[in-house]
Engineer: 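Got a structure for you, questions after.
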Amino acid sequence: MDKIYNHRDVEEKIYRDWEEKGYFKPEIHPDGKPYCIVLPPPNANGALHFGHAMFAVEDVLIRYHRMLGESALWLPGTDHAGTETQFVFEKKLKEQGKSRFDFDQETLYKMISEYVEENKGGIENQLRKLGFSLDWSRQKYTLDPDIVLLVYKTFKKMHEDGLVYRDYRLVNYCTFDGTGYSDLEVVHEERRSPLYYIKYGPLVLATTRPETKFGDTGIAVHPKDPRYQQYIGKVIEVETVLGMASIQVVGDEMVDPEFGTGVVKVTPAHDFNDYETGKRHNLPLKQVIGFDGKMNEHAGKFAGLYIKQARAAIVEEMQAKGLIEKIDTEYVNRVGLCYKCRNVLEPLPLEQWFVKVGPLKEKALEAVKKSEIKITPKNFENHYGQWMDNLRDWNISRQIVWGIRIPAWQCVSCHPGGSKATDRISHKDSIAEFTVSSSNPLQNDKKSDWIVTEGEKPDKCPRCESTNLEQDTDTFDTWFSSGQWPYLTLMTTKSGDFEKFYPTAVMETGYDLLRSWVSRMIMLGMYITGEVPFKDVLFHGLVNDPYGKKMSKSKGNVVNPLELVEQYGADAVRFALVYGNATGNDQSLSYPKLDASRKFANKLWNMTRFIEMKRPTSGHPGGSETTDRIPQIDSIATLQNDTISMHENDKAMVEKVQALVTEVTKNIDSYQFNFASEKLYEFIWHEFADKYIEDVKNRIDENSFMVLNSLFVTLLKLLHPFMPFITEEMYGKLGGEDSIMISSWPK
RNA sequence: GGGCUCAUAGCUCAGUUGGCUAGAGCGUUACAUUGACAUUGUAAAGGUCAGAGGUUCGAGUCCUCUUGGGCCCACCA
């Protein structure tokens, strides 16, 4: 044996060996109790980051349960990550001087698909490098045809059950990326936005968005505001930059009399609040900003200007006309930004598919309340409850091509010029269609217009028998498919998997995915299967840079975990991430800790070397590995039964190891991986090596050797889930049979 | 505006249902060792556990408030 442990010599070889022998498959223990973890699917097009490296705790659990003799399945998969991937691809297009609008939907989809295929293997091999015992034979991808079919079925069922509906509503729309988003994908930022005090006939109101005034269909005051009682319910005449206009005044509780002048303009087409106000007072909806981010024809001579330009031009003209009383230039408010491109999102009215969350969330909330699902750390149960309580209907339509196209068709004959999303994708001016065909969309009910299928094109329109049907060009929000991941995967891997492994044992992921992912998996899982998708939720924290700052590409402080694996070894990286980090807490990447872990591996290596040297039958140069196999005593119980005569120090050590086994087992069972790893580190190094080996060194005989060897193998087994490679390597050297990963957990 | 979370040795962090004489890694200091260990071992220094109250036989741990970080949520025109 070399004097030092070199992970580069062993890791790849060992992993290949495990995989070839089929050790990652649950069939290794076909009759064992089922234990399943579904891997949170990384972006198929992405690269490994620390969020993935934290999946080490899943490997700890899987390896532990496998050693317990259970039928353990860790199921890998990848996600097509719609918006993310299309965003990356469009960047590439831009480098080539092209844009997505140069291609039709099918071509663009194909291009992205090919691009993803090229990169798809990357993430898998990176996960292998970390030693993850994933059953690759069951790997799934969110765009596998069998998965897609199940997603269609879910959608169809939800449509039939009235849990999915089409509605014309305001969405957070990014005019740069050309798609709407759900509430979750909006990031808020404080910005200085001048507050303009505008004269509106006899009234003065304050607004940050004068350019939307052409879309005003009402003016609101607080119903009890004594200043404005005489106007409520009246129509007033106001002078605007486009001439005179008449406008309805309403009283609404929404208005804060303390803010500004206590008067507010109501622009239902361009503000979420106003949309609701408009609905309450039956005010029409008038869209003045298009999906291209420009003013439309309702803006008169300002049509065609981008929002920013229009604002400046309008304000200038209003000032010239004396329509602006004052401007508060220091005013700060919160604006919604696109989480991808950081541009200001525009609330725009659009027909979208929505998931009615009410009935779903009720059950999902109850499951956690009744502890059918336990969340660790426990305080996240509060987060979960709060989020669920405030959940609004979920917009699942995305105006991007990269994703699962929504299997809904509309009859062109019955609905000439319906809401064709192609127009938005090509950025043609589709505004007229909306304002014309939806003269009063606030009361519009278009639910029955759509034919939803399991993916196949309907033969004809059930109403007019026309065969001229067009599919919705939108795709599903990526979370709609990944939100069904546990059963989508298990229903499509091997027959019997779903019955055997569902509900899965635990969903382990970063706590940042509680809302966007975990909550949706619970809702959709319970809806489709009638059962919770997993019994436990286990959250890990984020890994920040060594200074505690969040790693991000823009900051340039991203550390690639693979480089650390190369430098320190996968075992050391895994150990460093688990050691000293309380479950669910964020941590800063610590090089000293990595170093300590690497040294620990080296210590183990040298403990093995020492034991090998002291092996009674070894020492003669001609001795072969096979004849020199060390007698193994596999269970501590055997030692405790006085099968051999033991020195009293050996006996004491047996007891200590026994106690350690109990504690480590308990810690892993309760997801306290930090305790387990700390105890192992402390015991192996400072008890077993420093004291016991030093003691036994001078009095070693055949019996004490057997105890030493057996106890050390026991310790290696306890350590194996955390440091799989080195423990495997040493297990072989110490005469262990087969592989440590399929050996039994010490009792 | 709500909610969550953190504050413990020079640094990075553990501390599980209150029992602590408060620990680890790295760093620092002294000594030992060329050994199974590109080292390791033995020992030492270093902390009014953010501050103030309270509950308790007992508080780093539970409660209240204060201060200072971080995160999340919310439609303030």
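Just so it is clear, the model here is predicted, and its values are computed rather than measured. Letters A, B, ... are given to chains in the order of the sequence lines, protein chains preceding strands, and every chain is numbered from 1.
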Engineer: Tell me which nucleotide among B/rC4, B/rC72, B/rA36 gets nearest to the side chain of A/Arg515.
Structural biologist: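 Among the listed nucleotides, the one closest to the side chain of A/Arg515 is B/rC72.
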Engineer: For B/rG25, does either OP1 or OP2 sit under 4.0 Å from a side-chain N or O belonging to A/Trp685?
Structural biologist: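 Checking A/Trp685 against B/rG25: no side-chain N or O falls below 4.0 Å of OP1 or OP2.
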Engineer: Taking atom types as modelled, is there a side-chain donor on A/Asp216 or A/Thr267 under 3.5 Å from an acceptor on the other?
Structural biologist: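 The answer is yes; a qualifying pair exists.
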Engineer: On RNA chain B, compare the nucleotides closest to A/Phe272 and A/Lys599; which residue's is nearer the 5' end?
Structural biologist: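 Whichever sits nearer the 5' end wins; that is A/Lys599.
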Engineer: Taking the side chain of A/Asn674 as heavy atoms from C-beta outward, which of B/rA38, B/rA74, B/rG15 is closest to it?
Structural biologist: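 Selected nucleotide (nearest to the side chain): B/rG15.
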Engineer: Over all strands shown, is A/Gly580 touching base, sugar-phosphate only, or nothing at heavy-atom distances under 4.0 angstrom?
Structural biologist: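 A/Gly580: backbone/sugar contact only, no base atoms under 4.0 Å.
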Engineer: Which one is paired to B/rU21, where only Watson-Crick or G-U wobble pairs with both distances under 3.5 angstrom count?
Structural biologist: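 B/rU21 is unpaired by these criteria.
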Engineer: Side chain of A/Asn667 only, please: which of B/rU40, B/rA24, B/rU16 is the nearest?
Structural biologist: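 Nearest to the side chain of A/Asn667 among the choices is B/rU16.
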Engineer: Should the pair A/Phe722 and A/Phe575 be assigned to parallel (<30°), tilted (30 to 60°) or perpendicular (>60°) ring geometry?
Structural biologist: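 It falls in the perpendicular class, over 60°.
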Engineer: Taking only the P atom of each, what is the distance from B/rC26 to B/rA38 in whole angstrom?
Structural biologist: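 Going atom to atom, P in each nucleotide, I get 16 Å.
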Engineer: Determine the contact category for A/Lys265: base if any of its heavy atoms lies under 4.0 Å from a base atom, sugar-phosphate if only primed atoms, P, OP1 or OP2 are that close, otherwise nothing.
Structural biologist: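 Since no nucleic acid heavy atom lies under 4.0 Å of A/Lys265, the category is nothing.
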Engineer: I'd like the P distance from B/rU66 over to B/rG19, given in whole Å.
Structural biologist: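 Taking atom P in both B/rG19 and B/rU66, they lie 28 Å apart.
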Engineer: Please measure how far the P atom in B/rA50 lies from the corresponding atom in B/rA14, and state the result in whole Å.
Structural biologist: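 Those two atoms are separated by 14 Å.
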Engineer: Do A/Asp252 and A/His281 have a side chain donor and acceptor closer than 3.5 Å?
Structural biologist: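 Yes, a side-chain donor-acceptor pair sits under 3.5 Å.
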Engineer: Give a yes or no answer on whether the side chain of A/Glu346 reaches the backbone of A/Leu348 with a donor-acceptor pair at less than 3.5 Å.
Structural biologist: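 No.
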Engineer: Touch check for A/Gln672, heavy atoms < 4.0 angstrom, all strands: base, sugar-phosphate only, or nothing?
Structural biologist: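 Result for A/Gln672 = base.
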Engineer: Counting the atoms with a prime plus P, OP1 and OP2 as sugar-phosphate, which does A/Asp512 contact under 4.0 Å by heavy atoms, base, sugar-phosphate, or nothing?
Structural biologist: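 Since no nucleic acid heavy atom lies under 4.0 Å of A/Asp512, the category is nothing.
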Engineer: Within less than 4.0 Å of OP1 or OP2 of B/rC75, is there a side-chain N or O belonging to A/Arg392?
Structural biologist: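 Looking at the OP1 and OP2 atoms of B/rC75, one of them is under 4.0 Å from a side-chain N or O of A/Arg392.
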Engineer: If you assign each of A/Tyr511 and A/Asn602 to its closest nucleotide in RNA chain B, which residue comes earlier from the 5' end?
Structural biologist: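 Mapping each residue to its closest nucleotide by heavy atoms, the 5'-most match is A/Asn602.
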Engineer: I want to verify a distance call: between B/rU12, B/rA14, B/rU40, whose nearest atom is closest to the A/Ser590 side chain?
Structural biologist: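 For A/Ser590, the side-chain atoms sit closest to B/rU12.
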Engineer: Does A/Asn606 use its side chain to pair, donor to acceptor, with the backbone of A/Asn602 at less than 3.5 Å?
Structural biologist: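 Yes.
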Engineer: Among B/rA14, B/rG41, B/rU12, which nucleotide sits nearest the side chain of A/Lys603?
Structural biologist: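 For the A/Lys603 side chain, the nearest candidate turns out to be B/rG41.
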Engineer: Which base, if any, makes a Watson-Crick or G-U wobble pair with B/rA14, both distances under 3.5 Å?
Structural biologist: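 B/rA14 is unpaired by these criteria.
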Engineer: By the rule that syn is within 90° of 0, classify the base conformation of B/rA32 as syn or anti.
Structural biologist: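 B/rA32: anti.
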Engineer: With P as the reference atom in both, quote the distance from B/rG18 to B/rU64 in angstrom, rounded to an integer.
Structural biologist: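 Looking at atom P only, B/rG18 and B/rU64 are 16 Å apart.
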Engineer: Counting Watson-Crick and G-U wobble pairs only, both distances under 3.5 Å, name the nucleotide matched with B/rC4, or none.
Structural biologist: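 Across all strands, the one nucleotide that pairs with B/rC4 is B/rG70.
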Engineer: Which one, B/rU16, B/rC4, B/rA36, comes nearest to the side chain of A/Asn379?
Structural biologist: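 Among the listed nucleotides, the one closest to the side chain of A/Asn379 is B/rC4.
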Engineer: Using the C1' atom in both, what is the distance from B/rC49 to B/rU61, to the nearest Å?
Structural biologist: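 It comes out at 10 Å once rounded to the nearest Å.
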Engineer: Looking across every strand, which nucleic acid part, if any, lies under 4.0 Å from A/Tyr5 by heavy atom: base, sugar-phosphate, or nothing?
Structural biologist: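 Nothing, no heavy atom under 4.0 Å.
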Engineer: A/His686 side chain: which of B/rU16, B/rA38, B/rG41 is closest?
Structural biologist: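 Selected nucleotide: B/rG41.
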Engineer: Mind checking if A/Tyr331 touches a base, just sugar-phosphate, or nothing, with heavy atoms under 4.0 Å?
Structural biologist: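 A/Tyr331: backbone/sugar contact only, no base atoms under 4.0 Å.
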Engineer: Expressed as a whole number of angstroms, how long is the span from A/Asp256:CG to B/rA74:P?
Structural biologist: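 Spelled out: CG on A/Asp256 to P on B/rA74 is 20 Å.
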Engineer: What's the closest nucleotide to the side chain of A/Ile4 if the choices are B/rG25, B/rA38, B/rU16?
Structural biologist: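 Output: B/rA38.
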Engineer: If the plane angle is over 60° it's perpendicular, under 30° parallel, otherwise tilted; pick one for A/Phe683 and A/Phe688.
Structural biologist: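 A/Phe683 and A/Phe688: tilted rings.
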Engineer: Strictly distance-based, threshold 3.5 Å: is any side-chain N or O of A/Asp167 a donor or acceptor partner for the main-chain N or O of A/Arg169?
Structural biologist: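 Side chain of A/Asp167 to backbone of A/Arg169, a donor-acceptor pair under 3.5 Å: no, none is there.
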Engineer: Taking atom P in both B/rG54 and B/rU42, what distance in whole Å separates the two?
Structural biologist: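 Each nucleotide's P atom is 45 Å from the other's.
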Engineer: Rounding to the closest angstrom, what is the interatomic distance between B/rA43 and B/rA24 at atom P?
Structural biologist: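 Pairwise P distance, B/rA43 against B/rA24, rounds to 12 Å.
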Engineer: Scan every strand shown for a Watson-Crick or G-U wobble partner of B/rU56, both distances under 3.5 Å, and answer none if you come up empty.
Structural biologist: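 Base partner found: none.
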Engineer: I need the CZ-P distance between A/Phe600 and B/rA36, as an integer number of Å.
Structural biologist: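 For the pair A/Phe600 CZ and B/rA36 P, the rounded distance is 20 Å.
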Engineer: Looking at A/Lys374, I want to see if its NZ is surrounded by more than 12 non-hydrogen atoms of other residues, nucleotides or ligands under 6.0 Å.
Structural biologist: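 Check fails, neighbour count at 12 or below.
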Engineer: Using purine N1 to pyrimidine N3 plus N6-O4 or O6-N4 for Watson-Crick, or N1-O2 and O6-N3 for G-U wobble, both under 3.5 Å, which nucleotide pairs with B/rG41?
Structural biologist: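 The answer is B/rC31, by the H-bond criterion.
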Engineer: Identify whether any heavy atom of A/Asp274 sits under 4.0 Å from a base atom; if not, whether one sits that close to sugar-phosphate; answer base, sugar-phosphate or nothing.
Structural biologist: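 Nothing, no nucleic acid heavy atom in range.
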Engineer: When you compare B/rU16 with B/rA59, how far apart are their P atoms, in angstrom units rounded to a whole number?
Structural biologist: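 Going atom to atom, P in each nucleotide, I get 16 Å.
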Engineer: Hey, does the side-chain of A/Glu694 have a donor or acceptor N/O within less than 3.5 Å of a partner on the base of B/rA36?
Structural biologist: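 Between B/rA36 and A/Glu694, which were checked side chain against base, a qualifying N/O pair under 3.5 Å is present.
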Engineer: B/rU61 pairs with which nucleotide, Watson-Crick or G-U wobble, both distances below 3.5 Å?
Structural biologist: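 In the structure as shown, B/rU61 has no Watson-Crick or wobble partner.
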Engineer: Closest approach to the side chain of A/Ile693, judged atom by atom: which nucleotide of B/rA36, B/rC73, B/rU42 is it?
Structural biologist: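 Closest nucleotide among those given: B/rA36.
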Engineer: Determine the contact category for A/Tyr681: base if any of its heavy atoms lies under 4.0 Å from a base atom, sugar-phosphate if only primed atoms, P, OP1 or OP2 are that close, otherwise nothing.
Structural biologist: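 Sugar-phosphate, backbone atoms only, no base.
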Engineer: Given B/rA24, B/rU12, B/rU16, which nucleotide is nearest the side-chain atoms of A/Ser588?
Structural biologist: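 So the nucleotide nearest the side chain must be B/rU12.
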